[in-house]
Amino acid sequence: MADIIIENVARIKEEVIGACAQAGRSSGEVKIVPATKTVSPERINLLLDCGIDTIGENRVQELMEKYDALDKRFHIHFIGKLQTNKVKYIIDKVEMIQSVDSLKLCAEISKRAKAIGKCMEVLIEVNIGHEESKSGVMPEELLKFVEEAAKYDGIKIVGLMVIPPAISSENRSEGSDSQKVYNCGAYFKKVKELSLDILNKNIDNVIMRELSMGMSSDYCEAVSCGATIIRPGRAIFGERIYK
Ligand SMILES: *Cc1c(COP(=O)(O)O)cnc(C)c1O
């Protein structure tokens, strides 16, 4: 079990280094933040031996259940759909909320963070594919949203997060690992452009340090399009087993 996780992380790191080299980026710019939903704390803790110190959890209830058994050296990001009434449970446990998509949520995070003297880093989730089934701010509304969200104290907007529409396998780039041609996903490129648009507006309380994009099937493409955080899950832990 441990061996597989260590091997998988090592492979992903190599691939990230390769994708960065191709894109003319430094691999130090990319952080691997494994998505650990359904994974036990015992297995998550093995990540520390691979040099991974930040993880992404999706569900409040699951995070609460695992929290005590998680090694305290981990930094935890919240990456799932977050209900306003659950913010209070995680405010002291996570270092970043990557999935902010409503001003109501901003207001609640702001209130709870201020109450404990914290400034919460947040990413704004973008619904880049205009998918009804997905959360996130529509690209057309993003700039306006960021301007409004930036007015809350107790939160700091540090970038964008995206889960692009699933792309069928025939549209993906082919090739052996050593000579993969990374065909930047159009969606990732759009998100990068949106982040540059926001950056150019010089909005107070907003920086565009992070672009969280790329999961198990597309992290190399995401890296070549400018991702600073990738969130592989199955590529590290194998298929998820839901209880
Ligand atoms: C589950 C999940 C991932 C990881 O997905 P994989 O396909 O297992 O890599 C990444 N980001 C979010 C927000 C997720 O919910």
Side-chain angles (χ1 to χ4, degrees), residues 1 4-16 19 30-41 43-44 46-47 50 52 54-66 70 74-83 86-87 90 93-102 105 109 121-129 131 133-137 158-169 171-172 182 185 187-188 191 210-243:
M1 221 42 140
I4 291 176
I5 289 175
I6 291 166
E7 266 173 40
N8 286 342
V9 172
R11 188 193 67 247
I12 293 170
K13 281 186 177 175
E14 286 297 317
E15 289 174 358
V16 167
V30 181
K31 196 169 177 74
I32 302 172
V33 178
T36 49
K37 58 178 176 271
T38 78
V39 182
S40 70
R43 295 180 73 210
I44 295 172
L46 296 170
L47 292 169
C50 320
I52 301 274
T54 308
I55 56 168
E57 278 286 342
N58 273 76
R59 300 212 313 275
V60 172
Q61 181 66 31
E62 184 178 339
L63 172 57
M64 303 294 284
E65 285 167 12
K66 297 199 279 197
L70 285 174
F74 279 118
H75 306 282
I76 304 173
H77 289 187
F78 195 80
I79 62 173
K81 179 89 193 145
L82 181 57
Q83 287 171 278
K86 303 245 171 95
V87 171
I90 63 163
K93 298 183 179 59
V94 306
E95 174 162 303
M96 186 188 288
I97 299 176
Q98 294 201 6
S99 42
V100 169
D101 67 349
S102 79
L105 189 54
I109 298 170
E121 293 198 332
V122 304
L123 304 183
I124 308 303
E125 182 172 351
V126 188
N127 189 342
I128 199 68
E131 294 173 284
S133 59
K134 283 211 183 112
S135 28
V137 179
V158 298
L160 304 178
M161 186 269 241
V162 72
I163 306 171
I167 297 174
S168 59
S169 54
N171 294 337
R172 309 196 71 78
Y182 298 119
Y187 292 113
F188 292 148
V191 177
E210 309 290 358
L211 270 189
S212 175
M213 52 188 197
M215 319 204 303
S216 291
S217 57
D218 55 14
Y219 55 82
C220 284
E221 277 171 288
V223 166
S224 40
C225 296
T228 65
I229 292 176
I230 57 171
R231 311 180 308 269
R234 289 167 301 156
I236 295 175
F237 303 107
E239 288 303 316
R240 279 183 284 278
I241 301 158
Y242 288 94
K243 278 174 271 174

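For ligands, and for the atoms within them, numbers begin at 1 and follow the listed sequence.
Judged by distance alone, with hydrogens and angles left aside, the side-chain atoms of S216 form no donor-acceptor pair with the main-chain N or O of P232 at under 3.5 Å.
Contact annotation: the side chain of F237 never approaches that of N8 to less than 4.5 Å [non-hydrogen atoms, C-beta and beyond]. Between I90 and I97, some side-chain heavy-atom pair lies under the 4.5 Å cut-off. Between R240 and R234, some side-chain heavy-atom pair lies under the 4.5 Å cut-off.
Residue-level contacts of ligand 1 at the 4.0 Å heavy-atom threshold are A35, K37, N58, I79, I163, M215, S216, R231, P232, G233, R234, R240.
Contacts of E65 classified as salt bridge (charged side-chain N to carboxylate O under 4.0 Å, His left out), with partners at least two apart in sequence or in another chain: none.
With 3.5 Å as the limit, one finds no donor-acceptor pair spanning the side chains of S99 and E125.
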